[in-house]
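Here the structure is laid out as structure tokens; the discussion comes afterwards.
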Amino acid sequence: MGESKILLSSPHMGGTEVKYVQEAFDTNWIAPLGKNVIEFENQVKKFTGSNAACALSSGTAGIHIALDLLGVQQGDVVFCSSLTFIASANPILYLGAKPVFIDSDLESWNMSPIALEKAFKAYEEKGKLPKAVVIVNLYGQSAKMDELMAICDNYNVPVVEDAAESLGALYKGKMSGTFGKFGVFSFNGNKIITTSGGGMIVSDDEEMIQKALKKATQARDQAVHYQHSEVGYNYRLSNISAGIGRGQMEVLEQRINEKREIFNRYEEALGAIDGIEMMPELENTYHNRWLSTMIIDSEKFGVSVLEIIEHLAKNNIEARPVWKPMHMQPLFEKCDYFSEEKDNSKYLYENGICLPSDTKMTVEQQEFVINEIKDILS
Ligand SMILES: *Cc1c(COP(=O)(O)O)cnc(C)c1O
């Protein structure tokens, strides 16, 4: 049972991916453009209900382009969720801007409206409102978009929704990634669907996505000769990778169902134990449960999160801590941070654990994981 490693989240092909990749070979469209790229964009548009989409080489590239198109420049301020993977914040640095980090609330684990309002008030007083706000939807849970959008609209500051982990999640019936000026998805190897590496930027503003496409292809002006008037990047998705994406889109809903079943099994087995709290699902939202996560009261059990992870690793089980918040990172030591009364993101980091959520994991394997967790806790 403990022989083959049980993984956190690994690529899970549906079967038709190879057909689309073969098509790319057969037609010799081995390039960062072609039919697979266009079709993959169409699928994501249709699925999310966005007006426009541009496939990119990574989610990070999407956040970079979004912030660039919103005019973020040297010396500007950008607000960003603290509890996230660093890819949400790195593009702020690429543009020479200064990130300011915002705490999470405990109901969604995502950006706290209270902390966001605090940050806006403080920066309004300084006369330096942010150029943009990057809102992350962690582990497949949508942030409190109504409250957060109302605050940002009130200050007239555009939102980039980092939906890298939340493709297919819903907030009040609307797809995660479609609330901000831009939404960004990731198709990295560990995400709910993958193209081996890739991303997509979506928006209801078709003109903005045209601009994103231009930015992603070295910002070439419309002219036969090679003319450029602005900075651009080489960020387009390959037609090979997009072929994988086409097949993956066909199984996305199935993957979400499987991820939710995995979470439900953990919840059933562990959720009622005193000292364990599963990651909540906000009312009126649909969590894609990319990763099953929970909070453990270490004092109560007399064992730390890291000790649990170590114990599981010895049994060939991959588990991870919750993301280390950006305001605790050496890289961002000098950056401002606004928390609720208590530092929630620090608490979630110190007590949270991501459990194996691989859709290839069998029920028996998951039972093995659950028993190992029960073992170390008792
Ligand atoms: C994966 C991820 C990204 C970046 O996506 P890449 O495709 O790996 O560049 C951004 N934000 C979050 C929260 C992520 O988990």
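Bear in mind that the values here come from a model prediction, so they are computed numbers and not experimental data. We count residues from 1, following the sequence as given. First listed ligand is number 1; within each ligand, the first listed atom is number 1.
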Nearest protein heavy atom with distance in Å, relative to [atom]:
atom	answer
atom 4 (C) of ligand 1	A87 CB, 3.4 Å
atom 5 (O) of ligand 1	S186 OG, 3.2 Å
atom 11 (N) of ligand 1	D162 OD2, 2.7 Å
atom 9 (O) of ligand 1	T60 OG1, 2.4 Å

### Main-chain N/O of A115 paired with S112 side-chain donor or acceptor, under 3.5 Å
yes

### Message
To check you understand the geometry: which heavy-atom pair defines the closest contact between F301 and D274, and what is its length?
### Response
CZ-O, 3.3 Å

### Sub-4.0 Å heavy-atom approach of G198 to ligand 1
yes

### Query
Does S88 come within less than 4.0 angstrom of ligand 1, counting non-hydrogen atoms of the residue?
yes

### Within reach of ligand 1, part of S58 (heavy-atom separation under 4.0 Å)
both

Within the structure, does [X] bring an N/O atom to less than 3.5 angstrom of an N/O atom in ligand 1?
X	answer
E165	yes
N188	yes
V136	no
K191	yes

### Task
For E340, look at atom CD and say whether over 12 heavy atoms of other residues, nucleotides or ligands are found less than 6.0 Å away.
yes

Both conditions, 6.0 Å and 45 degrees, for the charged tip of [X] above the ring of [Y]: are they met here?
X	Y	result
K126	Y123	yes
K35	W29	no
R289	Y266	no
K174	F179	yes

### Query
Between the candidates A164, G59, G189, which shows the shortest non-hydrogen contact distance to atom 3 (C) of ligand 1?
A164

